[in-house]
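Note sheet for the following structure.
For reference, positions follow the sequence shown, starting with 1.
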Amino acid sequence: MNRSRRRFLAEVGQGMLVASVGSTLALDLGLASKALAGDAPAGRLTFGSIEPLVDLMQETQADKLLPLVVAKLQNGTELRTIVAAAALANARAFGGHDYDGYHTFMALSPAYQMAQELPEKRRALPVLKVLHRNARFIENAKAHSHDAMHPVAAAAISESDLSGPALRDAMRHADQATAEQRLAALTKNSLDEAYNDLQFCVQDDVDVHRVVIAWRAWATLDLTGKEQALTLLRQSVRFCVDSEQQNIKNKREPGVRAALTKLLDQYKLLGRKTGDRKAEDSWIEKLCQTIYAGNRDQAADAVAAALAEGMATADIGEAISLAANRLVLRDPGRARADTGKPIGSIHGASVGVHASDSANAWRNIARVTDHRNTVASLIVAGYHTAGQAGQAGRAPLPWAENLEAVKGKDAKSLLGEVETAVKAKDQVQVTAIVQRYGDLGLAPRPLFDLLLKFAISEDGALHAEKYYRTVSEEFASTRPAFRWRHLVALARVTASEYGFPAPGYADACRLLNV
């Protein structure tokens, strides 16, 4: 176990103080760790050969971290290894409990995927940007010297408790210890089945972070290796338990619970194979509008009916994603200014960005899980996306008057217009320029490259990396008639977030000499 001298002395000092005042008083004073209160077994969660790098990520101040990481990259450490270590450091430091912490975790895998789109010399930029954020938040939370997540042992439980419903029951009782022990036992049996069982918790309420954490944890296993699955998936369980504590406190029963149970039974979806009927464009547009404009029960019913009719799950997911995209293109903008988000802005935690990231996560989970969770995830995705149109303004962007003002007729001139509009923070005009670019059948890659540049350089209020990746995936999986809506939306969000440079970005450029 690699501990810094500072950490060792801090823990020894804290241990002496706890021993002198007693554990109960120490807990009241905030001096003792959660492990003292029975949160987890004694000892530290460690990660084998990658542990020294994880320790570096957790214990090093942000401004000091980037030079060390660049030196490691220059000495042959792979970028994917760096991202894996940061993800594990984040999980150990925050444990899925901290708002800034889990937002940063959710940005790590997208940052690595963004890196693959860059020339080799610039490839580390998006990762370094998020590593700086990760280190800042760890330091702010004093998590450089305190872990939120500790080892958990698989419970010796009965066969009946090795199931998704049993895991969900522990979560509904806000019993984190039992839920984590059951998850540990499930992962020992079969990781794929454990992820299927975890979905019973994820589908039990609707919240963007609930579903995106669950998806990004699974996606990050491509970088960390499946041997770290329990650590990453525990974050999802802990988030769900935290949410359930609030439900219990507020005596709230999430409506999706009754809706999902009813629709699975009403349409007999668990005993029916998913279909492969390809949808016409008009069908996609109609379902999109139903989900966008309807209430949540109506949207969930429409998705369930489409599944019962044998429509292809990819096409149903496409309509859900387009409904979320419509929220971006109709968003009237923020009514009150917030840090890094002025009046009229739509980046960060806006209704459309949240809806799009959620729909993308639900679609991805539906793609990698079993039959039950494929249909359940799509129903919940429809439910989750709907009921938010009341926050949207006039007709979706772009508007006719702005299309008429677009001057460029070729890729070079239109890309120049896009960059000018982004830097002017002109959300309205940039959507028209991008729409014209798509209407002319021009290659999307140069436009992606331009918007990627800003997704890296700007702060994005915790959402730039996730949303860029959402749009990349949705553009690739959406039919030609509709796919440019996603790039139009990304251009609008990019114009909104411009002007707030990401901390650490300038240092990263200097260190990489780019």
Side-chain angles (χ1 to χ4, degrees), residues 203 205-212 254-256 258-260 263 279 281-306 315-336 338 341 343-363 377-400 402 427-428 431-432 435 463 466-467 470-471 474 478 481-493 495-496:
Q203 296 156 4
D205 205 348
V206 288
D207 178 279
V208 57
H209 311 117
R210 189 184 193 101
V211 64
V212 178
V256 71
L260 179 59
L263 292 170
D281 290 353
S282 58
W283 186 93
I284 294 285
E285 191 74 270
K286 182 178 179 181
L287 182 58
C288 163
Q289 181 62 23
T290 297
I291 295 168
Y292 167 78
N295 65 41
R296 286 181 154 173
D297 287 325
Q298 290 168 338
D301 185 81
V303 171
D315 290 354
I316 296 170
E318 184 179 343
I320 296 169
S321 173
L322 288 167
N325 165 268
R326 201 169 183 85
L327 290 165
V328 179
L329 297 178
R330 291 183 56 130
D331 192 337
R334 182 174 289 273
R336 292 185 296 275
D338 194 3
K341 290 175 279 188
I343 292 173
S345 65
I346 65 157
H347 67 280
S350 69
V351 60
V353 170
H354 268 178
S356 296
D357 284 345
S358 298
N360 175 259
W362 286 119
R363 290 189 73 187
S377 293
L378 290 174
I379 291 170
V380 178
Y383 184 98
H384 191 170
T385 307
Q388 303 180 82
Q391 299 182 48
R394 57 179 285 189
L397 293 166
W399 299 327
N402 299 103
Q427 298 178 40
V428 175
T431 64
Q435 184 64 59
H463 288 73
K466 291 197 291 9
Y467 186 63
T470 286
V471 169
E474 297 302 327
T478 300
F482 304 130
R483 64 166 52 119
W484 280 90
R485 296 181 189 180
H486 293 294
L487 260 176
V488 168
L490 178 60
R492 184 184 184 192
V493 171
S496 175

Backbone N/O of [Y] and side chain of [X]: donor-acceptor pair under 3.5 Å:
X    : Y    : answer
R330 : P396 : no
S321 : G317 : no
R492 : V428 : no

Separation between [atom1] of [X] and [atom2] of [Y], rounded to the nearest 0.5 Å:
X    : Y    : atom1 : atom2 : result
S496 : K341 : OG    : NZ    : 10.0 Å
S345 : Q427 : OG    : CD    : 7.0 Å
R363 : L378 : CZ    : CG    : 8.5 Å
R334 : I346 : CZ    : CD1   : 11.0 Å
L329 : S356 : CG    : OG    : 8.5 Å
I291 : L327 : CD1   : CG    : 11.0 Å

Steps toward side-chain contact (heavy atoms from CB on, under 4.5 Å) verdict (Y467, H347): CA-CA 9 Å; Y467 186 63; H347 67 280; over 6 Å; no
Among V328, L322, T431, the one residue meeting side-chain contact (heavy atoms from CB on, under 4.5 Å) with R485: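 Going through the options one by one, the only one that passes is L322.
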Which one of L490, L487, N360 satisfies the side-chain contact (heavy atoms from CB on, under 4.5 Å) criterion with E474?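 Going through L490, L487, N360 one by one, the side-chain contact (heavy atoms from CB on, under 4.5 Å) with E474 is satisfied by N360 alone.
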Heavy atoms only: give me the nearest [X]-[Y] pair and the separation to one decimal.
X    : Y    : answer
D281 : F482 : O-CZ, 3.5 Å
I316 : A306 : CD1-CB, 3.8 Å
A386 : G294 : CB-O, 3.7 Å
R296 : V206 : NH1-CG2, 3.8 Å
G352 : D331 : N-OD2, 4.3 Å
A324 : A359 : CB-CB, 4.2 Å

Do I320 and W362 pass the side-chain contact (heavy atoms from CB on, under 4.5 Å) test, and can you show the C-alpha distance, the side-chain angles, and the key distance before you say yes or no? CA-CA 10 Å; I320 296 169; W362 286 119; over 6 Å; no
ring-ring contact (aromatic ring centres under 6.0 Å, His included) partners for H463, two or more places apart: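 Checked H463 against ring-ring contact (aromatic ring centres under 6.0 Å, His included); matches are H103, H354.
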Taking it one step at a time, do I284 and D315 satisfy side-chain contact (heavy atoms from CB on, under 4.5 Å)? CA-CA 7 Å; I284 294 285; D315 290 354; 3.9 Å; yes
Residues 297-304 side chain polar contacts: donor-acceptor under 3.5 Å, at least two apart:
residue : atom : partner : partner atom : Å
Q298    : OE1  : N295    : N            : 2.9
D301    : OD1  : Y267    : OH           : 3.1
D301    : OD2  : Y267    : OH           : 3.3

Scan residues 350-359 for pairs that pass salt bridge (charged side-chain N to carboxylate O under 4.0 Å, His left out), counting only residues two or more places apart or in two chains.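 Qualifying pairs: D357-K466.
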